[in-house]
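Just so you know, ligand 1 is whichever comes first in the structure, and atom 1 is the first atom listed for that ligand.
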Amino acid sequence: MSTQHKVPQKQDHQPGVESNMHPAPQYIKDGYKAAGKLQDKVALITGGDSGIGRAVAVHYAMEGADVAIVYLEEDGDAEKTKKLVENTGRKCILIKGDVKDRGFCTNAVEKTVKLLGKLNILVNNSGVQVPQEDLQDITEEQLETTFKTNIFAYFHFATAAVKYLHPGDVIINTTSVTAYRSSPHLIDYSSTKGAITTFTRSLATNLVKNKIRVNAVAPGPVWTPLVVATFDQEKLNEFGNETAMKRAGQPSEVAPAYVFLASDDSSYITGQVIHINGGEVVNG
Ligand SMILES: NC(=O)c1ccc[n+]([C@@H]2O[C@H](COP(=O)([O-])OP(=O)(O)OC[C@H]3O[C@@H](n4cnc5c(N)ncnc54)[C@H](O)[C@@H]3O)[C@@H](O)[C@H]2O)c1
């Protein structure tokens, strides 16, 4: 067990709740220095209340962006993230609802534009995973939930967002190391993550004509509510030990990649995936 997980704590309900996590994930590193890289931009982040999404929201706000956060039901986590964003002097709106519903996705984009004035950065980041031992254990209902949440919603948000995006704006998707190295117990989940990678590449080449860049981040094991809500205690005890660094990552170690991909620093990069996984070399 890595030192940061001396008391890893299991939760029984998905989505997990960050405020109940022990140890608490780190969403920003002490001493992070912002440089106005996203000054006066507007970002919409799905799954933005907690975990990687919260860290992205806080980094974006520190870099000068206003933020809209989409989440399913975790009001306490969402309110805390809103406060963290507002503490930087930026605006934050909370949009609660189910990304499996296409109408909700479209409305969330429109609400963002209406309340924050525009949209420059779409971060598709919501996700679910339900580990199963065997293929036969994946019910039709689970299959549909996983695909609707993890990849259909990414299409729906992108489709609604594109009409508001201008040259220089970006879409960033959250895929996973499981898309590259497989996962015997997350067959449906890893399949959606593979789809997200390919969606990223295809949409990127499609939107080059609009000067809109589309990239993705592929996290390895990162200490978030999703993890404590879906893995058993044994897996939590060892979470991250399989990496070269022999530890899980923190959301604070993942979010700076989303800043890079959203900012003009990455102006010659599209259709690519940044791998943040503690040193696992993966192809693609
Ligand atoms: N934590 C990891 O080890 C890890 C590794 C690779 C990829 N990821 C990916 O990172 C992304 C963020 O997850 P996280 O680990 O930060 O956990 P998290 O629990 O903080 O985030 C998951 C988010 O998805 C949202 N969500 C789930 N179902 C939804 C629905 N039907 N409607 C609206 N929102 C819904 C939840 O509200 C939550 O905010 C996910 O796409 C996940 O697959 C995580």
Side-chain angles (χ1 to χ4, degrees), residues 5 11 13-21 24-27 44-57 69-78 80-81 94-105 107-108 123-131 144-154 156-157 172-181 183 186 188-197 216-231 235-236 239-240 242-243 247-255 257-258 273-278 280 282:
H5 297 146
Q11 294 185 18
H13 175 75
Q14 190 174 182
V17 174
E18 184 151 335
S19 59
N20 293 340
M21 282 180 73
Q26 184 189 57
Y27 49 83
L44 187 164
I45 305 167
T46 72
D49 61 294
S50 62
I52 293 167
R54 170 183 287 177
V56 174
I69 282 170
V70 169
Y71 68 105
L72 183 61
E73 60 183 24
E74 312 94 303
D75 296 324
D77 281 351
K80 172 157 182 188
T81 305
L94 301 181
I95 307 175
K96 180 179 179 177
D98 191 340
V99 300
K100 297 199 295 303
D101 174 354
R102 182 174 193 152
F104 169 75
C105 302
N107 288 340
V123 177
N124 272 319
N125 172 69
S126 54
V128 287
Q129 63 179 23
V130 181
E144 270 191 29
T145 299
T146 309
F147 272 77
K148 281 189 176 163
T149 310
N150 294 11
I151 175 68
F152 280 32
Y154 285 29
H156 295 151
F157 271 100
I172 304 168
N173 300 315
T174 305
T175 176
S176 165
V177 69
T178 61
Y180 296 85
R181 67 140 144 78
S183 173
L186 292 169
D188 51 337
Y189 171 85
S190 60
S191 301
T192 64
K193 294 300 181 180
I196 291 167
T197 295
V217 174
V222 181
W223 189 239
T224 69
L226 181 75
V227 166
V228 294
T230 55
F231 291 131
K235 170 98 176 141
L236 291 183
F239 190 65
E242 73 279 14
T243 68
R247 67 171 179 88
Q250 291 292 338
S252 61
E253 299 178 294
V254 183
Y258 290 78
V273 179
I274 297 184
H275 297 273
I276 304 180
N277 61 25
E280 184 166 346
V282 287

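By the side chain to side chain donor-acceptor pair (under 3.5 Å) test, Tyr258 pairs with Thr174, sequence neighbours left out. Looking at residues two or more places apart in sequence or on another chain, you find no side chain to side chain donor-acceptor pair (under 3.5 Å) involving Lys235. Shown here are the side chain to side chain donor-acceptor pair (under 3.5 Å) partners of Glu74, two or more places apart in sequence or in another chain: there are none.
Contact check for Tyr71 versus Leu94: side-chain heavy atoms found under the 4.5 Å cut-off.
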Pairwise, report which nitrogen or oxygen atoms of ligand 1 are under 3.5 angstrom from protein nitrogen or oxygen atoms, and how far apart they are.
| residue | atom | partner | partner atom | Å |
| --- | --- | --- | --- | --- |
| ligand 1 | 1 (N) | Val222 | O | 3.0 |
| ligand 1 | 1 (N) | Thr224 | OG1 | 3.1 |
| ligand 1 | 3 (O) | Gly220 | O | 3.3 |
| ligand 1 | 3 (O) | Val222 | N | 2.8 |
| ligand 1 | 3 (O) | Val222 | O | 3.3 |
| ligand 1 | 15 (O) | Thr224 | OG1 | 2.6 |
| ligand 1 | 16 (O) | Ile52 | N | 2.8 |
| ligand 1 | 17 (O) | Thr224 | OG1 | 3.4 |
| ligand 1 | 19 (O) | Leu226 | N | 3.2 |
| ligand 1 | 20 (O) | Ser50 | O | 3.3 |
| ligand 1 | 20 (O) | Ser50 | OG | 2.6 |
| ligand 1 | 20 (O) | Gly51 | N | 3.3 |
| ligand 1 | 24 (O) | Gly127 | N | 3.3 |
| ligand 1 | 31 (N) | Asp98 | OD1 | 2.8 |
| ligand 1 | 32 (N) | Gly97 | O | 3.4 |
| ligand 1 | 32 (N) | Val99 | N | 2.9 |
| ligand 1 | 37 (O) | Leu72 | N | 3.2 |
| ligand 1 | 37 (O) | Glu74 | OE1 | 3.0 |
| ligand 1 | 37 (O) | Glu74 | OE2 | 2.8 |
| ligand 1 | 39 (O) | Asp49 | OD1 | 2.4 |
| ligand 1 | 41 (O) | Asn125 | O | 2.9 |
| ligand 1 | 41 (O) | Ser126 | O | 3.4 |
| ligand 1 | 41 (O) | Lys193 | NZ | 2.9 |
| ligand 1 | 43 (O) | Tyr189 | OH | 2.5 |
| ligand 1 | 43 (O) | Lys193 | NZ | 3.0 |

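For the 3.5 Å distance criterion, the side chains of Glu280 and Thr243 fail to qualify, holding no donor opposite an acceptor.
Put simply, the side chain of Asn277 never gets that close to the backbone of Ala218: no donor and acceptor are under 3.5 Å apart.
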